[in-house]
Amino acid sequence: MKTKILLQNDSLWNRLQSFSIDSPNVDFPFSKKLAKEENWTLDFTAKAIEEYKKFVYLCCVLPNGASPSEIVDKVWHMHLIYTQNYWEEFCPNILQQKLHHHPSNGGLNENEKHKNWFQETIRNYEEIFKEKVPIEIWLNKKEKPKQRKFWLNGVKILSVISIIFILSSCSDAMGSLLSIIFIIVPIILFIIGFSSQAMNKNNDSKNKKDDGTNSGSSCGGSSCSGGSSCGSSCGSSCGSGCGGGCGGCGGS
């Protein structure tokens, strides 16, 4: 509500607010497709679309543009798939300028630039809209699920069993044989588990080096540019500190 009152005399903002990506009289509109693709609730999807509109607004009014969050970028990518809506209605009638999307060069320097860019976007968002960014939309970070260490649990269980066999059957030949087996197997499992963990760490380090991210996740940035009236450049975000944004057309 604060945003609507604050920007009620802004023609671009009013056009964005009146614009609906969902086509009327369609059983499976944009919002439902986006919700299904991303496994979002319809309420969350509606909020993400509203934040996408704010992002686009920032792209157009800020001289250096803006950088999207992971959630906002997913909305943007889906909108780009609706080519007729995006290029024949949204850009010419709502934005009244072109907004292209291109791959970025990637790398450590590019990643650092976009991280700073994103922080600047957050500051500009809160200054222009006079409200904090919704954390679930703008600051959402997906953590990689922690690997369950089944091998470690196996080591513990088998170690306990081996101790029981040693104490109860040390004089019996079969018991001794089983005891040896239950000692060797945990050691083998430990070696396999340790090697697997070391390989995962090496892969994470390689991803950080190759992709220029701090999260170890694989992410290819991208960019967009405006039409002849505003040579802007934009980028997309994969989250976890790897992103881009819209170079913007404001002031050009």
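Values in this document were obtained by computation on a predicted structure and should not be read as measured data.
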Just how far is it from atom [atom1] of [X] to atom [atom2] of [Y], taken to the nearest 0.5 Å?
{"X": "W13", "Y": "F129", "atom1": "CH2", "atom2": "CZ", "value": "4.5 Å"}
{"X": "I71", "Y": "W40", "atom1": "CD1", "atom2": "CH2", "value": "4.5 Å"}
{"X": "K33", "Y": "Y82", "atom1": "NZ", "atom2": "OH", "value": "5.5 Å"}
{"X": "I122", "Y": "F118", "atom1": "CD1", "atom2": "CZ", "value": "4.0 Å"}
{"X": "E112", "Y": "N109", "atom1": "CD", "atom2": "CG", "value": "8.5 Å"}
{"X": "Y52", "Y": "I137", "atom1": "OH", "atom2": "CD1", "value": "14.5 Å"}

Quiz item: Can you name the residues that form a side chain to side chain contact (heavy atoms under 4.5 Å, CB included) with T41, not counting sequence neighbours?
Solution: D43, F44

Practice problem: Could you list the residues that satisfy side chain to side chain contact (heavy atoms under 4.5 Å, CB included) with R15, not counting sequence neighbours? | Solution: S11, L12, I94, Q96

Exercise. Answer yes when R123 and E127 have at least one side-chain N-carboxylate O distance shorter than 4.0 Å, and no when they do not.
Key: no

Taking side-chain hydrogen bond (donor to acceptor under 3.5 Å, both in side chains) as the test, write out the residues that go with [X], two or more places apart.
{"X": "K47", "answer": "E136"}
{"X": "Y86", "answer": "W76"}
{"X": "N124", "answer": "none"}
{"X": "S31", "answer": "D22"}

Who are the salt bridge (Lys or Arg N to Asp or Glu O under 4.0 Å) partners of [X], not counting sequence neighbours?
{"X": "K32", "result": "none"}
{"X": "E89", "result": "none"}
{"X": "K36", "result": "none"}

Quiz item: Is any side-chain heavy atom of F30 closer than 4.5 Å to a side-chain heavy atom of I49?
Solution: yes

Exercise. Please tell me if the side chains of F90 and I21 come closer than 4.5 Å, counting only heavy atoms from C-beta onward.
Key: no

Self-check item: N93 CG: over 12 foreign heavy atoms closer than 6.0 Å
Solution: yes

Exercise. Give a yes-or-no answer on whether the side chains of Y125 and E51 include a donor-acceptor pair shorter than 3.5 Å.
Key: yes

